[in-house]
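Input: a single structure, listed below in structure tokens.
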Amino acid sequence: MNCEYKYQKATLTELDLRWNKNIENNIGDERWVTWKATSIENHKANKAITFVVLLGEEPVGEGTLIFSLQSVEINGLRIDAPHEGKGHISKLVRLMEQYAKDNGYTTSIIGVEPKETRNLAIYLHWGYNTFDKLVITDPKKDEGLILYYSKKL
């Protein structure tokens, strides 16, 4: 087995594998099943593109670019626990930002819950320094409160 890490746009097979793992890790939370269907639908329609971290042929991390008219949103950054803290998500985000820039986008945004102080520190380190907006969602359905920060690409 090839044990080198690769960072690339996800194939539908890789996307399916990642979502199956996410669902397995969140048994009983039916939102993950809905999110999988939406993610695959958006990926097929080019409304969003998921990128993966591969270890050999196994997807061990992911992040998604969601496209709008003005900007792209980086969403759903996840890495399996054994691969955390090794810079894989940073490399994936740089690939995603370059993809967005190569496709004419000049601004990227990223959201974070206020309690996720570690993630916020990482996003600030990546250059997401401009507070963009505050979104309040239904806490029974989602995160509740999300702070969005932007960065010029």
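The figures that follow rest on heavy atoms only: side chains count, while hydrogens, waters and symmetry mates do not.
- The two residues L153 and S108 come nearest to each other via the heavy atoms CD2-CB, 3.8 Å.
- How far NZ of K133 is from CG of L147: 12.0 Å, rounded to the nearest 0.5 Å.
- Counted by atom type alone, D102 and Q98 present one or more donor-acceptor pairs between their side chains at under 3.5 Å.
- For the pair L17/V52, no side-chain contact is recorded, criterion being any heavy-atom separation below 4.5 Å from C-beta on.
- Of all heavy-atom pairs between D132 and S150, the closest is OD1-OG, 3.9 Å.
- Between Y123 and K151, the closest side-chain pair of non-hydrogen atoms is not below 4.5 Å.
- K44 approaches L12 most closely through the heavy-atom pair CE-CD1, 3.9 Å.
- For K21 and E62, the salt-bridge test fails: no basic side-chain N is under 4.0 Å from an acidic carboxylate O.
- Looking at H43 and I49, their side chains come closer than 4.5 Å, going by heavy atoms from C-beta outward.
- Shown here is K86, whose NZ atom has more than 12 heavy atoms of other residues, nucleotides or ligands within 6.0 Å.
- Residues H83 and Y5 form a side-chain contact, since some pair of their non-hydrogen atoms from C-beta on lies under 4.5 Å apart.
- A distance of 7.5 Å separates CE of M96 from OG1 of T50, quoted to the nearest 0.5 Å.
- Panel note: side chain T38, backbone T34; a donor-acceptor pair is recorded below 3.5 Å.
- When the side chains of ILVMFWY residues are joined at heavy-atom separations under 4.5 Å, either directly or via intervening members, V93 and Y105 end up in a single hydrophobic cluster.
- In this structure the side chain of I74 never reaches within 4.5 angstrom of the side chain of I109, judged on heavy atoms.
- Contact record, L124 with N129: O-OD1, 3.0 Å, taken as the closest heavy-atom pair.
- To the nearest 0.5 Å, the span separating CG on L55 from NE2 on H88 amounts to 8.0 Å.
- A donor-acceptor pair is defined here as one N or O able to donate and one able to accept, closer than 3.5 Å; no such pair exists between the side chain of D80 and the backbone of P82.
- Using a 30° and 60° split on the angle between ring planes, W126 and Y128 fall in the perpendicular class, above 60°.
- The hydrophobic clustering, which links ILVMFWY residues whose side-chain heavy atoms are closer than 4.5 Å, places I110 and L120 together.
- Counting heavy atoms from C-beta on, the side chains of N46 and F67 never come closer than 4.5 Å.
- Remark: Q8 CD to L54 CG distance equals 4.5 Å, nearest 0.5 Å.
- Expressed to the nearest 0.5 Å, how far NZ of K47 lies from OG1 of T64 amounts to 14.5 Å.
- Under the 30°/60° scheme for interplanar angles, the aromatic rings of W32 and W19 are found to be tilted.
- Nearest heavy-atom pair across P114 and L145 is CD-O, 3.3 Å.
- Taking each heavy atom of P59 and E14 in turn, the nearest pair found is CG-O, 3.8 Å.
- In the hydrophobic clustering of this structure, I66 does not group with Y99; members are Ile, Leu, Val, Met, Phe, Trp, Tyr whose side-chain heavy atoms approach within less than 4.5 Å, directly or through other members.
- Using a 4.5 Å cut-off on side-chain heavy atoms (C-beta onward), N26 and W35 make no contact.
- Here the side chain of K36 pairs no donor or acceptor atom with the backbone of I23 at under 3.5 angstrom.
- L77 and I79 end up in the same hydrophobic cluster when Ile, Leu, Val, Met, Phe, Trp and Tyr side chains are linked at under 4.5 Å.
- A salt bridge links K6 and E57; the closest N-O separation between the charged side-chain nitrogens and carboxylate oxygens is under 4.0 Å.
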